S.K.: 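Below is the structure I would like to discuss, written out as structure tokens.
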Amino acid sequence: MNRTHNNNELKIDYVNAIVELKGWVSKTRNLGGLIFIDLRDRYGITQIVVSPENPNYEKAKALKNEFVVYVKGIVVERENKNLTIPTGEIEILASEIEIINEAKQPPIIVADETDALEDTRLKFRYLDLRRPVMQNFLMTRHVAMQSTREYLNSHEFLELETPILTKSTPEGARDYLVPSRVNKGSFYALPQSPQIFKQLFMISGFERYYQIAKCFRDEDLRADRQPEFTQIDIETSFLTQEEIMAMTEGLLVKVWKDSINVEINAPFDVLTYHEAVNKYGSDKPDRRFGMLLEDLSEVFVNSEFSVFKNTVTNNGLVKAIVVKDSADKYSRKDITKLEDFAKIYKAKGLAWLKYQDELTGPIAKFLSDDEKANVINKVSLENNDLILFVADKENIVHNSLGALRVHIANQLDLINKKQFDFCWVVDWPLYEYDEEEGRFYAAHHPFTAPKNDQVDNMYNNPRECIADAYDVVCNGYELGGGSLRIYNQELQAKMFEVLGFTPEDAENQFGFFIESLKYGTPPHGGIALGLDRMIMLLTNTTNIRDVIAFPKTTSAQCTMTEAPSKVSTDQLKELGVKLDG
RNA sequence: GGUCCAGUAGUGUAGCGGUUAACAUGUCGGUCUGUCACACCGAAGAUCGCGGGUUCAAUUCCCGUCUGGACCGCCA
């Protein structure tokens with residue numbers, strides 16, 4: 001009782017073959033006399049037909065959705081063909097039907113167009129994953145992973161593993177902690193990324209490493225963020241930034257080709273961090289549409305309009321985006337909604353003008369004729385354009401206008417959803433300054449090297465110091481990021497010093513690593529690509545849960561297993577852990 | 001930590017200060033030999049998330065809470 005074919009295999013040239021199939025009952029259509037059964041497996045659907053004179057007729061009548069069945073029969077050409085499925089020209093005249101297993105009525109419709117909400121789908125994920133769309137997402141994931149391995153293997157990379165139980169570090173995301181039974185009071189941390197280990201592989205002389213690595217970060221979730229996620233983690237010795245970027249491009253070209261048969265063009269455009277932020281208001285710009293940020297600060301230095309003028313004189317910026325040919329599409333009420341949207345990003349307000357023969361809008365009366373002419377000129381305003389201004393501190397201007405730009409592009413359907421726009425964002429600042437804590441943080445991570453000519457800036461002028469760091473961006477998603485690493489022990493120690501570590505702190509947290517740098521460390525660098533986001537792009541979904549087999553909800557729970565869950569007091573006692581209340 | 005949206009038969013939605021709580025789909029029964037979202041006829045199926053309050057009366061209004069989702073903060 002084995003199967004001879006899968007349910008997507010049998011075409012017109014199999015007519016008269018005796019075949020045996022297995023699968024799930026996807027749908028039955030009982031016409032009173034004739035019964036049609038759609039038999040589904042992961043490959044596709046085959047139609048079974050049973051007529052009243054067939055000895056299996058009663059059995060066929062009893063079949064319900066999601067029963068697992070075995071069918072033996074002869075392939076025949078259909079009277080009425082269904083050309084929308086690959087097997088639609090044939091059907092199986094059943095000579096034997098065996099119910100392998102029955103099924104309860106499923107809580108969700110097992111078909112591409114399910115009617116269930118995500119809540120229900122996640123609770124019955126094993127049924128949700130029977131749906132062909134979901135199977136395709138995970139199959140694409142499989143192909144992308146194998147394609148990645150093929151590419152990296154053929155470029156002399158070694159797939160090496162690193163520990164899941166490792167050491168907590170204070171920098172970066174919150175750690176998931178695992179109590180140690182053998183060492184009561186001590187904790188392992190799950191890795192946020194294998195960063196230090198992959199650098200140690202370089203020190204060990206492996207030269208080219210990769211790992212499809214699970215990473216864990218105990219931070220709040222988003223549509224594109226899960227607490228455990230997968231990175232394609234790569235590290236190389238002796239390569240330049242340009243070489244690493246070219247290698248990454250080659251990988252992405254192959255993955256896109258193998259997974260969805262799309263040719264993407266390499267090399268990708270390269271933007272500096274400053275260009276990206278200034279033009280797009282984002283360090284991960286979506287370049288599939290225009291509406292770039294325009295700096296109009298100079299126009300308003302001496303303006304009568306005090307809101308703009310004061311912002312400029314207080315080191316803020318006045319920037320704007322122009323929504324082409326859309327003044328008539330946005331009512332005052334609509335613009336108020338846009339303003340509310342901008343306020344989410346801390347903008348104090350959203351000023352606007354419409355150009356309909358002349359500039360109109362609430363702020364028009366505050367602007368001189370010169371200023372109006374300057375605005376029109378500077379951003380090449382045309383009739384029926386809408387211009388939206390944010391005047392604020394630099395990062396607020398960029399954040400709010402950057403988000404608004406994407407928001408409006410979605411509203412007006414300006415984005416070609418079939419397009420893949422890749423670019424690199426390079427020359428990142430080495431540090432970020434935290435106003436509240438009055439200290440510098442590593443913008444990337446504390447092992448990122450400053451550019452060669454920036455070593456002095458590292459401690460003399462940290463705000464301006466540029467790193468050898470690069471992000472690869474696709475359609476507004478940060479697909480991956482990497483850097484050349486510090487391979488000089490003194491420089492690494494200096495880095496910790498600028499970050500506010502005492503020598504003792506540095507020794508406690510990273511002593512083994514600083515020590516390792518002393519034994520002949522090759523220049524090295526790498527990149528990590530977010531596999532889940534990559535699959536989102538490949539499958540054109542906007543929900544990371546769709547491309548992860550068993551994901552968590554936004555409150556970091558699994559509704560199916562109900563993890564996380566309480567544990568027994570015995571278990572806690574064994575670990576030496578006491579609960580607070 | 002914060003803001004916003006949602007929670008009503010198995011599933012997805014509608015609805016309303018007083019209802020026999022509606023529709024679709026699924027389920028069950030019936031008719032039907034070429035369907036492929038089969039069609040048609042009929043039936044069953046609801047603690048209106050949970051707790052409290054207002055009211056003569058709450059599924060409906062208010063407060064709290066839980067769950068799901070989107071976003072801000074957070075994510076070296």
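Predicted, not measured: the structure shown is a model, and the values here were computed from it. Hydrogens, waters and symmetry mates play no part in the numbers below; they use all other heavy atoms, side chains included. To find a chain, count down the sequence lines: A is the first, B the second, and so on, and within it residues start at 1.
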S.K.: Would you mind telling me which of G1(B), U35(B), U11(B) lies closest to the side-chain atoms of Ala116(A)?
M.R.: U11(B)
S.K.: Without decimals, in angstroms, what is the distance between Asn395(A) CG and G73(B) C1'?
M.R.: 13 Å
S.K.: Does a donor on one side chain sit under 3.5 Å from an acceptor on the other, for Tyr273(A) and Asp471(A)?
M.R.: no
S.K.: Does Lys27(A) put a side-chain nitrogen or oxygen below 4.0 Å from OP1 or OP2 of C38(B)?
M.R.: yes
S.K.: Tell me the interatomic distance from Ile37(A), atom CD1, to C38(B), atom P, rounded to whole angstroms.
M.R.: 13 Å
S.K.: Regarding C75(B), can its base be found pairing with the side chain of Arg225(A) as donor and acceptor, where the two atoms are less than 3.5 Å apart?
M.R.: yes
S.K.: Considering Watson-Crick and G-U wobble pairs with both distances under 3.5 Å, what does G42(B) pair with?
M.R.: C28(B)
S.K.: Quick one: is C72(B) close enough that its OP1 or OP2 comes under 4.0 Å of any side-chain N or O from Arg222(A)?
M.R.: yes
S.K.: Any side-chain heavy-atom pair from Thr553(A) and Cys558(A) closer than 4.5 angstrom?
M.R.: no
S.K.: Specify the separation, in whole Å, of atom CZ of Phe36(A) and atom P of U35(B).
M.R.: 7 Å
S.K.: Looking at the side chain of Arg78(A), which of C75(B), U35(B), C71(B) is the nearest nucleotide?
M.R.: U35(B)
S.K.: Side chains of Asn54(A) and Ser51(A): do they bring a donor and an acceptor to under 3.5 Å?
M.R.: no
S.K.: Going by atom types only, do Arg533(A) and Gln231(A) share a side-chain donor-acceptor pair under 3.5 Å?
M.R.: no
S.K.: Return the nucleotide paired to U60(B): Watson-Crick means purine N1 to pyrimidine N3 with N6-O4 or O6-N4, wobble means G-U with N1-O2 and O6-N3, both under 3.5 Å.
M.R.: none
S.K.: Residues in side-chain contact (heavy atoms from CB on, under 4.5 Å) with Thr84(A), at least two apart?
M.R.: Asn82(A)
S.K.: How many whole angstroms separate atom CG of Leu117(A) from atom C1' of U25(B)?
M.R.: 14 Å
S.K.: Tell me: CG of Asp38(A) to P of C36(B), nearest whole Å?
M.R.: 11 Å
S.K.: Ring centres under 6.0 Å, that's the criterion: do His5(A) and Tyr14(A) meet it?
M.R.: yes
S.K.: Atom pairs, N/O to N/O, protein against nucleotides 66-69 of chain B, distance under 3.5 Å?
M.R.:
residue : atom : partner   : partner atom : Å
G68(B)  : OP1  : Thr553(A) : OG1          : 3.1
G68(B)  : OP1  : Ser555(A) : OG           : 3.3
G68(B)  : OP1  : Gln557(A) : OE1          : 3.2
G68(B)  : OP2  : Ser555(A) : OG           : 2.8
G69(B)  : OP1  : Thr554(A) : N            : 3.4
G69(B)  : OP2  : Thr554(A) : N            : 2.6
G69(B)  : OP2  : Thr554(A) : OG1          : 2.5
G69(B)  : O3'  : Arg545(A) : NH2          : 3.1

S.K.: Please report the distance separating the C1' of A43(B) from the corresponding atom of A70(B), rounded so that it comes out in whole Å.
M.R.: 41 Å
S.K.: Taking atom C1' in both G42(B) and U47(B), compute the distance separating them and give it to the nearest angstrom.
M.R.: 28 Å
S.K.: Would you say the side chain of Arg29(A) and the base of C32(B) hold a donor-acceptor pair, judged only by whether the two atoms sit under 3.5 Å apart?
M.R.: no
S.K.: Could you tell me if the ring centre of Phe447(A) sits under 6.0 Å from that of Phe510(A)?
M.R.: yes
S.K.: Distance check: side-chain N/O of Thr120(A) vs OP1/OP2 of G10(B), anything under 4.0 Å?
M.R.: no
S.K.: Should the side chain of Glu91(A) and the base of G34(B) be counted as holding a donor-acceptor pair, with the cut-off at 3.5 Å?
M.R.: yes
S.K.: Between G26(B), C36(B), U33(B), which one does the side chain of Pro52(A) approach most closely?
M.R.: U33(B)
S.K.: With rounding to the closest Å, how many angstrom separate the C1' atoms on C48(B) and U13(B)?
M.R.: 13 Å
S.K.: Would you mind telling me which of C36(B), U33(B), G73(B) lies closest to the side-chain atoms of Lys346(A)?
M.R.: G73(B)
S.K.: Roughly how far apart, to the nearest Å, are G73(B) and U55(B) at atom P?
M.R.: 44 Å
S.K.: Can you tell whether the side chains of Glu228(A) and Arg217(A) come within less than 4.0 Å, N to carboxylate O?
M.R.: no
S.K.: Start at the 5' end of RNA chain B and walk down; is the nucleotide closest to Pro106(A) or to Asn80(A) reached first?
M.R.: Pro106(A)
S.K.: Report the distance from atom CD1 of Ile108(A) to atom P of G12(B), rounded to the nearest whole Å.
M.R.: 10 Å
S.K.: Figure out the CG/P separation between Asn65(A) and A37(B), and round it to whole Å.
M.R.: 14 Å
S.K.: Check salt bridge (charged side-chain N to carboxylate O under 4.0 Å, His left out) between Glu497(A) and all other residues, then give those that pass, not counting sequence neighbours.
M.R.: Lys494(A)
